[in-house]
Amino acid sequence: RRQARHAAAICRPPPHARSCAMAAMGAARGLRGAGGLWQPLRAAPGLAVCRQKSSVSFLTRPDRPNLAYHRLKGRNPGVIFLPGFNSNMNGQKATALEDFCSSLGHAFVRFDYTGCGSSSGNFEECTIGKWRKDVLCILDELTDGPQVMFYGMTYNQKEAIVGLGKSSTSLTASTWSLPKIEEKGEWKFPTKYNEEGYYSVTYDFIKEAENHCLLNGPIPIICPVRLIHGMKDSDVPWQISMQVADRILSKDVDVILRKTGQHRMSEKEDTKLLVNTVDDLIDKLSTLV
């Protein structure tokens with residue numbers, strides 16, 4: 001099924017025959033800020049301009065934990081939002097993209113990884129590989145036709161397949177004292193994004209992440225790719241996006257650096273840039289299929 005239909009994602013390397021487009025982060029065709037973050041200016045013929053409230057559903061899997069998701073039905077290309085590390089599907093960027101897709105009648109999916117948000121599972125037992133399988137499951141079960149995949153980013157994460165590999169490279173490069181981590185069984189690293197002041201990952205998580213490092217050779221992706229990075233990011237150097245772009249085989253790769261952008265790219269102007277980037281990819285993907 002994965003080989004037979006178009007369903008775009010940067011994470012789908014050849015030989016899978018999928019139409020692909022990716023935004024590492026995204027702002028609005030037909031939307032503008034006025035009081036709230038987004039308000040629709042126009043809508044596709046015959047479609048309501050108001051936001052369609054999507055309810056939480058669960059993707060049941062017999063051999064793995066259930067995944068929580070929101071889905072809007074609509075036309076293709078669709079858009080899939082993938083949260084960042086230790087995050088969930090209810091952030092500002094996810095809902096802004098949902099509003100954008102709703103206003104123009106495009107399909108949209110956002111979901112929580114295993115062990116995160118409303119999904120089942122134990123976070124402490126998760127790995128990059130398990131989250132990778134979550135992404136593939138969402139693609140296969142909840143989408144049809146070409147897709148634009150959007151990866152939110154927190155800490156050393158640009159999630160999905162290539163995204164997870166990128167985060168793995170950054171993560172394993174950071175764990176220079178691996179023997180000490182093995183002895184303790186976990187690694188606690190400082191963060192300003194939660195009340196505890198640190199994130200904790202297990203030694204097994206770090207070792208498994210080594211299987212997904214990407215910067216050691218070419219990245220076999222041939223779809224359009226957009227990497228957006230804030231130059232004020234104090235957690236992940238923007239130069240990593242340049243390294244990833246250099247290794248992706250696709251010739252249609254742009255790196256967009258926002259001079260004032262912080263790690264989370266959460267300012268209103270950041271979100272506009274992110275959604276505009278997704279909008280451009282939708283237009284590009286529409287001409288490719």
Side-chain angles (χ1 to χ4, degrees), residues 5-12 18-57 69-83 88-111 135 138-139 141-153 159-160 223-228 252 254 256 258 265-289:
R5 67 181 176 85
H6 294 289
I10 189 174
C11 55
R12 300 302 252 180
R18 290 173 178 252
S19 299
C20 302
M22 171 274 186
M25 301 261 288
R29 172 177 60 187
L31 300 179
R32 61 189 170 118
L37 184 60
W38 305 114
Q39 291 187 6
L41 295 177
R42 65 179 176 84
L47 293 173
V49 298
C50 61
R51 179 178 178 182
Q52 303 170 19
K53 291 290 185 180
S54 57
S55 59
V56 178
S57 300
Y69 68 91
H70 288 258
R71 177 168 61 169
L72 291 178
K73 293 184 178 180
R75 68 174 184 267
N76 290 326
V79 176
I80 307 175
F81 179 88
L82 293 84
N88 60 56
M89 61 176 166
N90 296 319
Q92 173 183 296
K93 291 184 283 290
T95 55
L97 280 172
E98 185 174 62
D99 288 343
F100 162 68
C101 290
S102 177
S103 72
L104 294 179
H106 282 280
F108 177 81
V109 175
R110 53 188 168 103
F111 73 100
V135 176
I138 291 292
L139 275 171
E141 301 299 330
L142 300 182
T143 71
D144 185 32
Q147 304 291 315
V148 174
M149 295 193 69
F150 176 102
Y151 313 148
M153 186 177 83
E159 308 277 2
C223 66
V225 179
R226 303 293 180 264
L227 300 168
I228 303 177
D252 189 356
D254 293 339
I256 304 170
R258 186 159 180 79
M265 296 285 288
S266 58
E267 297 298 320
K268 183 181 294 187
E269 292 304 314
D270 296 335
T271 305
K272 288 182 181 179
L273 172 62
L274 305 181
V275 182
N276 276 333
T277 303
V278 169
D279 184 28
D280 290 340
L281 286 173
I282 286 176
D283 286 343
K284 177 177 287 289
L285 194 54
S286 297
T287 65
L288 296 177
V289 296

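Hydrogens, waters and symmetry mates play no part in the numbers below; they use all other heavy atoms, side chains included.
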| Is there a donor-acceptor pair under 3.5 Å between the side chain of Gln92 and the backbone N or O of Ser266? | yes
| task | Find out whether Phe108 and Ile80 are in side-chain contact, i.e. whether some heavy atom of one side chain is under 4.5 Å from a heavy atom of the other. | result | no
| remark: For Leu139 and Thr143, the nearest pair of non-hydrogen atoms, with its separation, is O-OG1, 2.5 Å
| Is a side-chain donor or acceptor of Arg226 paired with a backbone partner of Leu281 at a separation under 3.5 angstrom? | no
| message | Do Arg258 and Glu267 make a side-chain contact, defined as non-hydrogen atoms from C-beta onward lying under 4.5 Å apart? | response | no
| Closest approach of Cys101 and Ala107, non-hydrogen atoms and distance? | SG-O, 4.1 Å
| Is there a donor-acceptor pair closer than 3.5 Å between any side-chain N or O of Thr277 and the backbone N or O of Leu273? | yes
| Are any side-chain N or O atoms of Asn88 and backbone N or O atoms of Pro83, one a donor and one an acceptor, separated by less than 3.5 Å? | no
| said: Main chain of Met89, side chain of Arg110: is a donor-acceptor contact present, judged purely on distance under 3.5 Å? | reply: yes
| Phe81 CZ to Thr95 OG1 distance, which is reported to the nearest 0.5 Å | 8.5 Å
| Side-chain heavy-atom pair Asp270, Lys93 within 4.5 angstrom cut-off | no
| field | Euclidean distance, Phe150 CZ relative to Ile228 CD1, rounded to 0.5 Å | value | 7.0 Å
| said: Under a 3.5 Å distance rule, please check whether Arg75 uses its side chain to pair with a backbone N or O of Leu104 as donor and acceptor. | reply: yes
| To the nearest 0.5 Å, how far apart are NE2 in His106 and OG in Ser286? | 6.0 Å
| field | Distance (rounded to the nearest 0.5 Å) between Asp99 CG and Thr271 OG1 | value | 11.5 Å
| task | Determine whether Val109 and His70 make a side-chain contact, defined as any pair of heavy atoms from C-beta on separated by less than 4.5 Å. | result | no
| request: May I ask you to test the Gln147-Asn76 pair for a side-chain heavy-atom distance under 4.5 Å? | output: yes
